[in-house]
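Contents: one structure, followed by commentary.
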Amino acid sequence: VTGVQTCALPISPPHVKFLLATTDPQKLPVTVLSRCLQFSLKALPAEQIAGHLKTLLDKEMIRYDEPALLSLGKAAEGSMRDALSLTDQAIAFGGEQLSSEAVNAMLGTVDRNHVLTLLVALAEQEPGGVLQALASVSEHCPGELALLDELISQLHQLAVCQAVPGSYDETQQQLAAALTAEQIQLYYDVALRGRRDLQDAPDSRAALDAIAAHGVVHSQRCIGARG
């Protein structure tokens, strides 16, 4: 729901209020809209959804992994109602607890730890090591597009770590220190462009290898040029 409207029709008693909820207010008659007070609601950020889920699960004494809550927050796409529904499904799926593995399996998303493994290889600047890490990580991912999405998300978080130290956990802080700001931006741009191109590639797995190799080679050239 992106919009909520309230209206009181002239013929109704003062204590009666009508609530209208719609995602397309333009379809409502003008005579109704003219009597409405409109509130436009924006999507909730994944972090805020995860924080609310954490509060609820603590009250219910249900065990959870915090990365699993963030995954649910992202999957809800801004809707707290959808997040609660997904959480109920995940609790049933995971046997009354929310583990990262179970939630990722249910949602078909990529485990954050697999992407961190790939980022460590990228920081070491060895094309062979990157392709080997990519082959290992791909075995545990639902698809190449999902892997790129999570890689882009993690690169964004590393950029935030560099700008605001202490924003994320110790593992990400160490990775942020191992990469320059230019490298993170380069990998981010390469992954973003690769995501667009991946959908047109005849072999998405080979395309993913090409994207990773392209990023490493260009990163090495940037470091060489700077040196």
Side-chain angles (χ1 to χ4, degrees), residues 1-60 62 64 66-94 98 100 102-112 115 141-157 159-160 167 188-189 191-201 204 207:
V1 177
T2 58
V4 173
Q5 304 187 6
T6 64
C7 67
L9 299 179
I11 60 173
S12 62
H15 65 279
V16 175
K17 299 291 185 292
F18 294 89
L19 300 179
L20 307 178
T22 178
T23 57
D24 196 357
Q26 289 77 17
K27 290 186 177 180
L28 291 173
V30 175
T31 51
V32 174
L33 286 175
S34 65
R35 292 169 172 80
C36 291
L37 178 63
Q38 182 170 330
F39 300 92
S40 296
L41 307 180
K42 66 178 183 178
L44 294 173
E47 292 78 9
Q48 186 175 349
I49 292 176
H52 187 56
L53 290 177
K54 181 178 179 180
T55 300
L56 293 176
L57 293 170
D58 285 340
K59 288 181 180 179
E60 296 295 329
I62 296 175
Y64 59 84
E66 292 201 18
L69 301 187
L70 188 57
S71 295
L72 290 168
K74 291 178 180 178
E77 297 182 341
S79 169
M80 194 66 230
R81 180 185 62 184
D82 289 351
L84 293 173
S85 176
L86 287 171
T87 301
D88 285 339
Q89 295 175 42
I91 291 171
F93 183 85
L98 293 174
S100 295
V103 169
N104 288 330
M106 185 192 81
L107 297 174
T109 52
V110 180
D111 192 321
R112 168 179 173 268
V115 176
C141 294
E144 288 75 14
L145 197 60
L147 177 56
L148 275 179
D149 285 344
E150 185 61 27
L151 179 61
I152 290 169
S153 175
Q154 290 299 323
L155 286 166
H156 164 258
Q157 292 179 19
V160 174
S167 302
Y188 184 89
D189 290 341
L192 202 59
R193 289 197 301 270
R195 189 188 188 284
R196 293 193 293 264
D197 296 341
L198 189 67
Q199 301 177 63
D200 297 326
S204 58

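Everything numeric here is computed off the predicted structure, so don't read it as measured data. Each residue takes its place number in the sequence, starting with 1.
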Q. Within the side chain of S79, is there an N or O that forms a donor-acceptor pair under 3.5 Å with the backbone of A76?
A. no

**Q.** Flag side-chain contact, heavy atom, 4.5 Å: L148 against E144
**A.** no

**Q.** Heavy-atom side-chain contact between T87 and L56 under 4.5 Å
**A.** no

Q: For residues L145 and L198, report the shortest heavy-atom separation together with the two atoms involved.
A: N-CD2, 3.7 Å

**Q.** Spacing of S204 atom OG and D197 atom CG [to the nearest 0.5 Å]
**A.** 13.0 Å

**Q.** Considering all heavy atoms, the nearest A201-A207 contact
**A.** CB-CB, 3.6 Å

Q: Answer yes or no: is there a side-chain heavy-atom contact under 4.5 Å between R112 and S100?
A: no

Q | L107 vs L86 side-chain heavy atoms within contact, under 4.5 Å | A | yes

Q) Can you check whether I152 reaches L192 side chain to side chain, under 4.5 Å on heavy atoms? A) yes

Q. Just how far is it from atom CD of Q38 to atom OG1 of T22, taken to the nearest 0.5 Å?
A. 9.5 Å

Q. Is it true that atom CD of E77 has more than 12 heavy atoms of other residues, nucleotides or ligands lying nearer than 6.0 Å?
A. no

Q: Go through the side-chain N and O atoms of K74 and T109 and say whether any donor and acceptor fall under 3.5 Å apart.
A: no

(Q) On a heavy-atom basis, which atom in L72 and which in A90 lie closest, and how many Å separate them? (A) CD2-CB, 4.4 Å

Q) How about V110 and D149: do any of their side-chain heavy atoms sit closer than 4.5 Å? A) no

Q) Does a side-chain heavy-atom distance below 4.5 Å link V103 with F93? A) no

Q | Rounded distance (nearest 0.5 Å) linking atom CE of M80 with atom NE2 of H52 | A | 4.5 Å

Q: Please report the closest heavy-atom contact between Y64 and D58, naming both atoms and the distance.
A: OH-OD1, 2.8 Å

Q. Is any side-chain heavy atom of L98 closer than 4.5 Å to a side-chain heavy atom of L53?
A. no

Q.
Given 3.5 Å as the limit, does a donor-acceptor pair link the side chain of S71 with the main chain of P67, or not?
A. yes

